[in-house]
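Some notes on the structure that comes next.
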Amino acid sequence: MGFLQEIQRRRTFAIISHPDAGKTTLTEKLLLFGGAIHVAGAVKSNKIKKTATSDFMEIEKQRGISVATSVMGFEYKDHKVNILDTPGHQDFAEDTFRTLTAVDSVIIVVDAAKGVENQTRKLMEVCRMRKTPVMVFINKMDRPSKDPFDLLEEVEDELQINVRPLSWPIGNGPSFQGVYNIFEQNLNLFEANKQTVQEAIAINDIKDPELENIIGKAPAELVRDELELMDGVFPAFDNTKYLKGELAPVFFGSALNNFGVNELLNCFIQIAPSPQPSVTKTRTIEPSEEKFSGFVFKIHANMDPNHRNRIAFVKICSGKFERNKSYLHVRQGKNYKFSSPTAFMAEKKSIIDEAYPGDIVGLPDSGNFIIGDTITEGEKISFKGLPSFSPELFRYIENADPMKTKQLNKGIDQLMDEGVAQLFTSQFNGRKIIGTVGALQFEVIEYRLNHEYNAKCRYEPINLYKACWIRSKNAAELADFKLRKTQYMAKDKQGRDVFLADSSYMLQLAQQNFKDIEFHFTSEF
Ligand code: G4P
């Protein structure tokens with residue numbers, strides 16, 4: 001197969017949802033269709049538990065396993081599908097944001113009874129910012145659900161995107177009979193079975209009297225009325241708008257019952273985008289460019305404390321990646337050869353000789369990579385789109401075992417490179433401050449420092465509202481600001497200036513009084 005064909009046939013995407021909407025179940029059913037797994041439960045058992053209490057021991061156990069499920073690739077109808085897993089726990093939202101930078105499209109799972117929930121709303125903001133094409137799967141139709149029109153309106157309002165249903169539910173909960181597949185014009189009858197897929201019944205015209213015979217008079221009339229109304233309310237499906245991230249096709253189904261998933265997948269491989277161009281600080285890179293380039297969007301530490309090797313996950317943006325070929329690590333200005341790059345097919349990890357744009361390769365790493373690093377065949381470019389977000393929780397981190405200072409510093413350094421949290425150094429007192437998006441990270445850091453680096457840390461409270469990166473063309477004003485706010489100034493790990501505001505009032509005041517200073521809430525501007 002030619003290079004361009006290899007690119008065209010790839011679909012790299014992530015499934016996102018609020019915890020419990022059915023992301024894991026859907027992922028698993030997609031893998032079953034792809035023949036990548038053969039039993040239900042294979043993915044589910046790898047899932048990080050969504051316990052409300054912080055069960056980081058459990059997370060640690062899961063971490064090792066989840067390397068395998070970080071990327072799940074499979075072949076389906078001549079397409080190579082790559083699903084990138086995103087952690088369900090909201091404390092790992094930043095991991096999810098970063099994963100979203102490596103996908104070309106997204107499937108959003110919504111619980112039909114609960115509608116759009118908080119976490120989904122936040123993740124959609126990232127998709128909107130990046131104009132990522134999204135498809136919506138309304139799950140759990142086998143349970144009493146909200147009215148489909150209400151659900152669609154909610155998706156439009158809450159996720160701020162236009163929708164167009166490509167399937168339509170017939171009843172819900174105990175009266176759920178199936179869906180009419182608008183995209184393929186056929187009827188799928190629901191049967192609560194968890195594995196096999198029923199043959200769809202072709203009903204090319206919804207007015208076909210055969211429909212009454214199959215689902216009954218009243219439901220047939222209702223679905224006809226609803227479809228007519230739906231056609232009037234929602235504009236016809238427009239693929240160009242979908243690809244621009246302006247219109248989301250919607251499917252209804254029940255992942256647990258393996259219902260509606262096949263239709264979703266069939267439509268997905270037809271309409272979802274193949275690998276898209278990537279933006280660097282200097283130019284846009286087309287996937288079809290001959291020379292290889294890619295970036296690290298995730299780093300996974302080894303579970304075994306005796307072997308501190310990590311896996312850097314690289315998204316291939318252009319060209320063909322080849323094993324044992326020398327590539328430039330742009331930030332370090334050094335060349336490396338990778339003798340055992342791995343690809344991920346369902347639960348299996350195997351060494352590969354080559355990979356194409358859209359693919360993810362795992363590179364064993366002994367500490368050379370940090371998130372956001374670019375590798376190329378020689379060109380000095382740097383991919384954009386992997387910002388750090390302003391953390392929401394802050395604590396001073398102190399050494400609790402003076403004999404282990406070196407270990408502690410190394411541990412903190414490496415955990416930050418992995419993107420577990422962010423480190424700021426106060427310019428006032430030199431103390432180290434850890435910033436996170438979730439409370440769980442503090443425990444993860446403490447636990448991992450202890451188990452992997454043999455170091456002990458202790459936290460002390462610090463009252464902060466936000467960290468923002470500052471910049472100004474007005475050197476005098478910047479110097480004046482830094483002088484006046486000495487107490488609140490810090491440097492991030494790359495040495496950039498960060499202002500630590502202790503309240504929203506203080507931040508507002510600073511913004512008003514220092515008009516020439518830009519305050520940024522992500523590290524990329
Ligand atoms: P998540 O990854 O988005 O957090 O959700 P997950 O797939 O784990 O699903 C959350 C719960 O919802 C699971 O039940 C799952 O079985 C159930 N579920 C998923 N899809 C459907 C569906 O189409 N219909 C119904 N009725 N339930 C569905 P659980 O009790 O939390 O887990 P388990 O004991 O079943 O493993």
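Sequential numbering from 1 along the given sequence is applied to the chain's residues. Atoms within each ligand, like the ligands themselves, are counted from 1 in listed order.
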* In sequence, state the C-alpha distance, the side-chain angles, and the governing distance for Lys131 and Gln276, and then conclude on side chain to side chain contact (heavy atoms under 4.5 Å, CB included). => CA-CA 12 Å; Lys131 300 195 170 57; Gln276 295 296 295; over 6 Å; no

Only heavy atoms of [X], strictly under 4.0 Å: list the atoms of ligand 1 that pass.
| X | answer |
| --- | --- |
| Thr25 | 6 (P), 7 (O), 9 (O), 15 (C), 19 (C) |
| Ala255 | 23 (O) |
| Ser17 | 3 (O) |
| Arg143 | 26 (N), 27 (N) |

* Asked: Do Phe149 and Trp168 have ring centres separated by under 6.0 Å?
  -> yes

* Asked: Any chance the rings of Phe13 and Phe268 have centres within less than 6.0 Å?
  -> yes

* With Arg98 as the cation and Phe297 as the aromatic partner, state whether NZ or CZ is under 6.0 Å from the six-membered ring centre and within 45° of the axis. => no

* To do: Could you please spell out the steps behind the side chain to side chain contact (heavy atoms under 4.5 Å, CB included) verdict for Glu212 and Glu210?
  => CA-CA 5 Å; Glu212 272 104 9; Glu210 185 58 18; over 6 Å; no

* To do: With rounding to the nearest 0.5 Å, note down the distance linking CD1 in Ile15 to CG in Leu123.
  => 13.0 Å

For [X], which part has a heavy atom under 4.0 Å from ligand 1: side chain, backbone, both, or neither?
| X | answer |
| --- | --- |
| Lys23 | both |
| Thr24 | both |
| Leu256 | both |
| Ser254 | both |
| His18 | backbone |

* **Check: Ser145 side chain, Arg143 main-chain N or O, donor-acceptor pair, under 3.5 Å** => yes

* Structure fact -> When Phe251, Phe137, Phe190, Phe252 are each screened for ring-ring contact (aromatic ring centres under 6.0 Å, His included) with Phe259, the one that passes is Phe190

* **Under 3.5 Å: N/O of Leu26 near N/O of ligand 1** => no

* Taking distance alone, with no angle check, do Pro19 and ligand 1 share an N/O pair under 3.5 Å? -> no

* Asked: Looking only at heavy atoms of Glu28, does any of them come nearer than 4.0 Å to an atom of ligand 1?
  -> no

